[in-house]
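Scroll down for the structure; my scribbles are underneath it.
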Amino acid sequence: MRERLWLYDTTLRDGQQTQGVQFSTPEKIRIAEALDRLGVDYIEGGWPGANPTDSAFFDVAPETRARMTAFGMTKRAGRSAANDEVLAAVMNAGTGSVCLVGKTHDFHVTAALGIALEENVENIRASIAHIVAQGREALFDAEHFFDGWKANRDYALTCLRAAEAAGARWIVLCDTNGGTLPAEIGQIVSEVIAAGIPGDRLGIHTHNDTANAVAGSLAAVDAGARQIQGTLNGLGERCGNANLVTLIATLALKEPYASRFETGVSRAALQGLTLLSRQLDDILNRVPVKQAPFVGSSAFAHKAGLHASAIIKDPSTYEHIDPGLVGNERIIPMSNQAGQSNLRARLADAGIVVEKGDPALGRILTEVKAREDQGYTYDSAQASFELLARGELGQAPAFFDVERYKVTVERRRDDKGRVVTLSEAVVVVWIDGEKLLSVSESLDEMGTDRGPVNALSKALSKDLGRYQAVIDDMRLVDFKVRITQGGTEAVTRVIIDSEDGAGRRWSTVGVSANIVDASFEALLDAVRWKLMRDCTAARAAE
């Protein structure tokens, strides 16, 4: 029998403390539903009463299998738990579980709260008892616990025992400042258990200020803690919280955890982990971290020719897991470091079989290296590489031809005297012998100018005749520009990341002395790759 580990997600509260992150109520609902499908045990919805968004969320929170949890703080000094309006707002959220944070570091009690140590202990006891008396499950977040333990372990332990005696189901040890290293966390958790607090009632809550939040969480589990708190993609204030995405994959796939423990995340749900991680970034309008463990687009990318050669023979030579287990995929990038092993592996991933020794391999390599000398990079633009290779192999459908495009940029004053810019793009294409002309402006739905590349993208994807339905779910998610040469011969390289409704993401590259022309080339490749993939799949299904 494997032991049960309980997963507690704090994305909707701690994640919202990330600089630049602010969830709307509909976004919080989407995230909560996704977390529930994943299989976490607790979803901390926020702090009702602390801000309008959190309060509104609990009014419309979805029904979940996971325990929806309201977060708050222990009662304030000088009033009873029943008469503390801040605590009342938390209780009025109506959740079956309530998590309260309280001080366990004596310094914070006297310096931050300005109350006696004994009064703080009583606040913890009374608050937890109040939750339990109302038939709710109580959780206690022991704030600054590890610093408090090192400063005054007797007092820190007294706070924990007060919560335990009052009926807290979970006592969560928080490394609030994020400075405690994994070995220390493991040792202190062991000492807490030895002091009489059962491990099956202990949780761990770490921050990533030393890039050790995941390791610290695992150290706590090794020592006996059985609840893990974290956020999707490691969101959180300062350097973030423990990345629950990394923790879930590690617990499910890496030993000794995979054999020893089980969570609520099934193997089928685990395969949606990469998509979930990227969906969160999509909601936040953030570019996913390519080097993110397990789910990053570069997590299973093999650039060196020696590595690629070994990967073809046995993927385990350079991969610690099968990327498909977490819904990710292997990438064999193409670059001027590449050899035929990389090339054949990358072609095979694209569904293109070319026998070893085929002269076409040499032609493709020569073209890749020649174009990289001009400023192209296929290491970061896999879709453009595939189009290039299929072109050399005579396997690239034409779909449409571009006759011309034009972009105009106007700078003027509006009727209120403000200086504004507006771009307009015209794209003319031929499809099935028919000439199609599309015009688009760069203004978004809020009337904000998004620039000439945005106008070009909208015009190009506005009317592609019989192919239009294929690209309707496609959107541009990132745009990177680099000058590859200096002086009067400067060359601009543009890399565009695109995504479709299935969460599939691909990168394309364009190079020109003109930034708009380089952008248009990358846009063209993005659309053609999408058409090639989806139209080929549709034909295969017929």
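No hydrogens, no waters, no symmetry mates; every other heavy atom, side chains included, goes into these values. All residue numbers in this chain count up from 1 along the given sequence.
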Go through the structure and list residues passing side-chain hydrogen bond (donor to acceptor under 3.5 Å, both in side chains) with R238, not counting sequence neighbours.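 Applying side-chain hydrogen bond (donor to acceptor under 3.5 Å, both in side chains) to R238 gives D209.
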Would the number of heavy atoms belonging to other residues, nucleotides or ligands and lying under 6.0 Å from [atom1] of [X] be above 12?
X: E410; atom1: CD; value: yes
X: E255; atom1: CD; value: yes
X: R505; atom1: CZ; value: yes
X: K290; atom1: NZ; value: yes

Derivation of the side chain to side chain donor-acceptor pair (under 3.5 Å) call for S512 and N514: CA-CA 5 Å; S512 173; N514 184 306; 5.6 Å; no
Taking distance alone, no hydrogens or angles, what donor-acceptor pairs closer than 3.5 Å link side-chain atoms of residues 264-274 to residues at least two apart or in another chain?
unit_1: S266; atom_1: OG; unit_2: A269; atom_2: N; d: 3.1
unit_1: R267; atom_1: NH2; unit_2: A252; atom_2: O; d: 3.3
unit_1: T274; atom_1: OG1; unit_2: V326; atom_2: O; d: 2.6

Taking the side chain as C-beta and beyond, is there a heavy-atom pair between [X] and [Y] under 4.5 Å?
X: D175; Y: H207; value: no
X: R404; Y: L437; value: yes
X: P315; Y: F300; value: no
X: L284; Y: E27; value: no
X: T377; Y: R482; value: no
X: Q229; Y: Y42; value: no
X: Y467; Y: V527; value: no
X: I248; Y: T263; value: no

Evaluate I352 against V354 for side chain to side chain contact (heavy atoms under 4.5 Å, CB included), listing each step before the verdict. CA-CA 6 Å; I352 306 170; V354 181; 3.9 Å; yes
Spatial distance of atom [atom1] ([X]) from atom [atom2] ([Y]) [nearest 0.5 Å]:
X: L35; Y: I43; atom1: CG; atom2: CD1; result: 5.0 Å
X: N454; Y: S442; atom1: CG; atom2: OG; result: 6.5 Å
X: L247; Y: T206; atom1: CG; atom2: OG1; result: 7.0 Å
X: L464; Y: I431; atom1: CG; atom2: CD1; result: 4.5 Å
X: S507; Y: D525; atom1: OG; atom2: CG; result: 11.5 Å
X: L443; Y: D449; atom1: CG; atom2: CG; result: 6.0 Å

Verify, without hydrogens or angle tests, whether [X] (side chain) and [Y] (backbone) share a donor-acceptor contact under 3.5 angstrom.
X: W506; Y: A526; value: yes
X: R278; Y: V295; value: yes
X: N212; Y: A215; value: no
X: K435; Y: V428; value: no
X: R13; Y: G46; value: no
X: T18; Y: L235; value: no
X: T11; Y: L232; value: yes
X: S457; Y: V453; value: no
X: D36; Y: R65; value: yes
X: N328; Y: F294; value: yes

Who passes side chain to side chain contact (heavy atoms under 4.5 Å, CB included) against A219, sequence neighbours left out?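 With neighbours one apart ignored, the set is P182.
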Table please: side-chain donor-acceptor pairs of residues 394-403 below 3.5 Å, with sequence neighbours left out.
unit_1: Q395; atom_1: OE1; unit_2: R390; atom_2: NH1; d: 3.3
unit_1: E403; atom_1: OE1; unit_2: W430; atom_2: NE1; d: 2.7

Mind running side chain to side chain contact (heavy atoms under 4.5 Å, CB included) on N51 and Q16 for me, showing each step along the way? CA-CA 11 Å; N51 60 73; Q16 195 163 252; 4.2 Å; yes
Would you call [X] and [Y] a salt bridge, taking side-chain N to carboxylate O under 4.0 Å as the test?
X: D41; Y: R4; answer: yes
X: R504; Y: D473; answer: no
X: R371; Y: E521; answer: yes
X: E386; Y: R533; answer: yes

Which of these passes side-chain contact (heavy atoms from CB on, under 4.5 Å) with S438: V426, D463, L460?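 When V426, D463, L460 are each tested with S438, the side-chain contact (heavy atoms from CB on, under 4.5 Å) holds only for D463.
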Partners of Y257 by ring-ring contact (aromatic ring centres under 6.0 Å, His included), sequence neighbours excluded?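 With neighbours one apart ignored, the set is empty.
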Listed partners of F57 passing ring-ring contact (aromatic ring centres under 6.0 Å, His included), at least two apart: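 ring-ring contact (aromatic ring centres under 6.0 Å, His included) list for F57, sorted by chain: empty.
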Can you give me the closest heavy-atom contact between [X] and [Y], atom names plus distance?
X: A502; Y: L275; result: O-CD1, 3.8 Å
X: M68; Y: A32; result: CE-CB, 4.4 Å
X: G216; Y: I204; result: O-CG1, 4.5 Å
X: S277; Y: N233; result: OG-OD1, 2.6 Å
X: A213; Y: N208; result: N-OD1, 3.0 Å
X: P452; Y: V409; result: CB-CG2, 4.3 Å

Side chain to side chain contact (heavy atoms under 4.5 Å, CB included), that's the test. Do Y8 and C99 meet it? Break it down for me. CA-CA 11 Å; Y8 185 108; C99 181; 3.5 Å; yes
Geometric class of the Y378/F385 ring pair [parallel <30°, tilted 30-60°, perpendicular >60°]: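 Perpendicular, since the angle between the ring planes exceeds 60°.
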From CA spacing to verdict: side chain to side chain contact (heavy atoms under 4.5 Å, CB included), L251, L7: CA-CA 11 Å; L251 293 169; L7 301 175; 4.2 Å; yes
